[in-house]
Amino acid sequence: MIAGVTLFYAFKTESRPILCQRQSYTTSYWANFPLFSKLIDKILSFVTGFFMSNQKQQKPTLTGQRFKTRKRDEKERFDPAQFQESIVQGLNQSGTDLEAVAKFLDSSGAKLDYRRYAETLFDILVAGGMLAPGGTLADDVTRTEFCLFTAQEDLETMQAYAQVFNKLIRRYKYLEKGFEEEIKKLLLFLKGFTESERNKLAMLTGILLANGNISASILSSLFNENLVKEGVSAAFAVKLFKSWISEKDISSVAVSLRKVGMDNRMMELFPANKRSCDHFSKYFTDAGLKELSDFARNQQSIGARKELQKELQEQMSRGESFKEIIAYVREEMKKSDISEQTMIGIVWTSVMSSVEWNKKEELVTEQAIKHLKQYSPLLKAFTSQGLSELTLLLKIQEYCYDNIHFMKAFQKIVVLLYKADVLSEEAVLKWYSEAHLAKGKSVFLEQMKKFVEWLKNAEEESESSEEEEAD
C-alpha cells in the first residue's frame, strides 16, 4: 500500500517519465479497489499541498528579540552640573596661576566634553559659574573664585586672561564659534554685572578683538535698546575701544569695523535723540578717544559724499540745468564741509557714471570727447584752484588706467579740458613733471609728451614776446 501511495505521488510530481513505464501495472492493480483509490488520491492531494507550502519562502516575523546598543552609540544624559564640578575643581587647584589654568584646560579637553558644554565652560571662566538669564549666577551650583570677574582690574591681567582663551581656542578649534556666541550673550547681560565686572569684560573684549579671536560683529549686542537707553553701551564701548586701540592703531580698528559693516552703526551706541556726529565726537573726545571721534566724522563725511554723488547722478539723468546742479552742489559743500578738491572728484565720477560707454576702444574715445565737452562747464565750476585741477588730472589718470578701453583716450581728454579752460597749463606741466600717479605712468607720459613740449614752447614764446614788448 505504501509503495502504491509512493508511486501515485511520484507520478503526480517529478517522476513522470519513470512512472510512465509502470502505469499499466498500477492502473490495472488499483482498479480493483475503487474506494481505496479515491482515498489514496485524497491522501496524495494533502501530501502534495503540504510539501508545496513548505517549499515557499517563509515571511519574516517579529519575534521581539532585543539587540544590544553599542556603548559608543548610547547618548549620555545632559548634565552641565557634573561638568561644572569638574572644571571648578581644576580651577580651584590651579588658583591664580594662569599658566596652570591653561595647562589644566588643555589636558581636560581629552576627558571632558567641551563641545557639548562650551557655554558652561566659558560661563565658569568668566563669571565663576553657570549664568542664569540676565547675568546672575545660578544659586544651586558649585562656583569658583578664580575667574575673570574676580581678577584684578588692570590691562596686564586682562591680557593674561586673553592668552588663556587664545590657547584654549587654538587647541580646540571647534570652540571658536561657541566663544563668539558667549561674548555676544555676555554683552546682552551687562546690566546684571557690577561696574568693575563690566570694565574687565570690556578690556578683555577689546584685546580679543585686537588679536582677531572674535569678530567685530559681536558689537551688535551693544545696540540693545535697554543697554543704550541707560548709557551702559556707550560706557562699555569707551573701555573696549581704549584697550583695542592700545593693542592696535585706529586704522586697524577701522578695517575690522568696515569688514562687518559696523563702521556706519557706531551712532547706535546712543539713544535716537542723541545720534549725531557732534554728540558722538564730544562724548568720546572727553573720554580720551579723539581717534574714534575723528573716525566717526570721517565716516559721516563718506556717507554724505555718497548721498551727494547719488543725487548728482539723478539730477543729470533728469536733465536739470548746470546752473541748478552747481547751486545744489555748492549748498551741499557748505552744509557738509566738503572741500573743492574733494568735490571735483565727486563731480568727475558722477559725470563718467551718467553714460553707458561703448565697449570698442576705437569708438569710446570719440564718445568720451563728445560727453565731456557737454559737461565741461560743470567741471569748470569746481576747478577754481590749482589743487582742484591737479586732483581732476589724477582722477582722469586713475579712471583711464582702471578702464582699459580709455587707455588711449587720456591725452585727448586732457587736451579737450585744457581748451575748455577746465585745466590750466601750470596744472598739466606740474602733473607731467612730478605729480602723476604710478598707474599707467609710462603710457600716459608718452601720450602727453608732444602736448607738454608744445605747452613749454608756447610758454617760452609768450615770455620772449613779453620781454620784447617791455623793451
Side-chain angles (χ1 to χ4, degrees), residues 76-208 211 213-214 218 236 239 243:
E76 293 182 13
R77 186 170 60 89
F78 185 71
D79 188 9
Q82 182 63 41
F83 176 84
Q84 177 168 258
E85 284 182 14
S86 302
I87 295 294
V88 166
Q89 186 180 358
L91 292 178
N92 288 339
Q93 289 173 358
S94 302
T96 56
D97 184 355
L98 293 183
E99 283 292 330
V101 169
K103 287 179 181 176
F104 160 71
L105 293 172
D106 185 280
S107 60
S108 296
K111 297 173 283 184
L112 300 174
D113 194 348
Y114 282 176
R115 191 187 297 273
R116 197 175 192 196
Y117 300 107
E119 185 179 3
T120 304
L121 173 63
F122 293 129
D123 276 358
I124 298 166
L125 293 175
V126 173
M130 282 190 291
L131 291 171
T136 56
L137 282 170
D139 295 326
D140 56 343
V141 291
T142 312
R143 61 185 73 174
T144 179
E145 293 300 317
F146 302 101
C147 62
L148 178 79
F149 282 173
T150 57
Q152 290 183 343
E153 189 183 325
D154 59 72
L155 193 60
E156 188 178 347
T157 305
M158 295 304 105
Q159 287 170 336
Y161 264 95
Q163 281 303 309
V164 171
F165 286 109
N166 184 43
K167 288 176 182 177
L168 177 63
I169 292 165
R170 282 173 61 190
R171 175 70 176 83
Y172 300 101
K173 289 289 286 182
Y174 57 79
L175 289 174
E176 208 167 47
K177 186 178 178 182
F179 183 54
E180 196 160 295
E181 292 301 315
E182 175 73 10
I183 296 295
K184 285 182 183 178
K185 182 191 79 174
L186 292 171
L187 297 189
L188 290 172
F189 289 172
L190 286 178
K191 283 176 65 179
F193 304 147
T194 65
E195 185 180 354
S196 176
E197 289 169 348
R198 288 200 291 264
N199 290 342
K200 292 168 193 174
L201 181 59
M203 286 189 280
L204 175 72
T205 306
I207 296 165
L208 293 170
N211 294 341
N213 297 122
I214 54 177
I218 58 101
F236 185 88
K239 287 284 184 182
S243 65

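- Of all non-hydrogen atoms in Ala151 and Met158, the two that sit nearest each other are CB-CE, 4.2 Å.
- The line from CD1 of Ile218 to CG of Leu187 is 5.0 Å long, rounded to the nearest 0.5 Å.
- No donor-acceptor pair closer than 3.5 Å links the side chain of Thr136 to the backbone N or O of Ala132.
- Heavy atoms only, all atoms of each residue included: Ala160 and Leu98 are closest at CB-CD1, 3.5 Å.
- In this structure, the separation between CG on Asp154 and CG on Asn199 is 12.0 Å, given to the nearest 0.5 Å.
- The two residues Ala202 and Lys239 have their closest heavy-atom pair at CB-CB, 3.5 Å.
- Listed for the Tyr172 side chain is a donor-acceptor partner under 3.5 Å among the backbone atoms of Asp106.
- With values rounded to the nearest 0.5 angstrom, Phe104 atom CZ is found 8.0 Å from Gln89 atom CD.
- A salt bridge links Glu181 with Lys184: the closest approach of a Lys/Arg side-chain nitrogen to an acidic carboxylate oxygen falls below 4.0 angstrom.
- Summarising the geometry, atom CG belonging to Leu186 is positioned 6.0 Å from atom CZ belonging to Phe149; distances are rounded to the nearest 0.5 Å.
- Side-chain atoms of Tyr114 come within 3.5 Å of backbone atoms of Leu105 as a donor-acceptor pair (strictly under, hydrogens ignored).
- The distance from atom CG of Leu148 to atom CZ of Phe122, rounded to the nearest 0.5 Å, is 13.0 Å.
- In terms of heavy-atom proximity, Asp113 sits nearest to Phe83 at O-CE1, 4.1 Å.
- Just one residue in the list Gln84, Arg143, Lys185 forms a side-chain hydrogen bond (donor to acceptor under 3.5 Å, both in side chains) with Asp123, and that residue is Lys185.
- Between the side chain of Thr150 and the backbone N or O of Cys147 there is at least one donor-acceptor pair closer than 3.5 Å.
- Note that CD1 of Ile124 and CD of Glu119 are 11.0 Å apart. Values are rounded to the nearest 0.5 Å.
- Scanning all heavy atoms of the two residues, the minimum distance from Tyr161 to Leu125 falls at CE2-O, 4.5 Å.
- Not a single donor-acceptor pair under 3.5 Å links the side chain of Thr157 to the backbone N or O of Glu153.
- Counting only residues at least two apart or on different chains, the salt bridge (charged side-chain N to carboxylate O under 4.0 Å, His left out) pairs with a member in residues 87-104 are Glu99-Lys167.
- Summarising the geometry of Ser94 relative to Val101, their closest heavy-atom pair is CB-CG2, 3.7 Å, with the distance given to 0.1 Å.
- Figure legend: cation-pi geometry between Arg198 and Phe236 absent, as NZ or CZ is not positioned both under 6.0 Å from the six-membered ring centre and within 45° of its axis.
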Inset, instruction - Take Glu176 and Lys173, measure what salt bridge (Lys or Arg N to Asp or Glu O under 4.0 Å) needs, and give me the verdict at the end. - result: CA-CA 6 Å; Glu176 208 167 47; Lys173 289 289 286 182; 3.4 Å; yes
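- Within a 6.0 Å sphere centred on CD of Glu85, heavy atoms belonging to other residues, nucleotides or ligands number more than 12.
- Side chain of Asn213 to main chain of Asn166: no donor-acceptor pair is present (N/O by atom type, distance under 3.5 Å, no hydrogens or angles).
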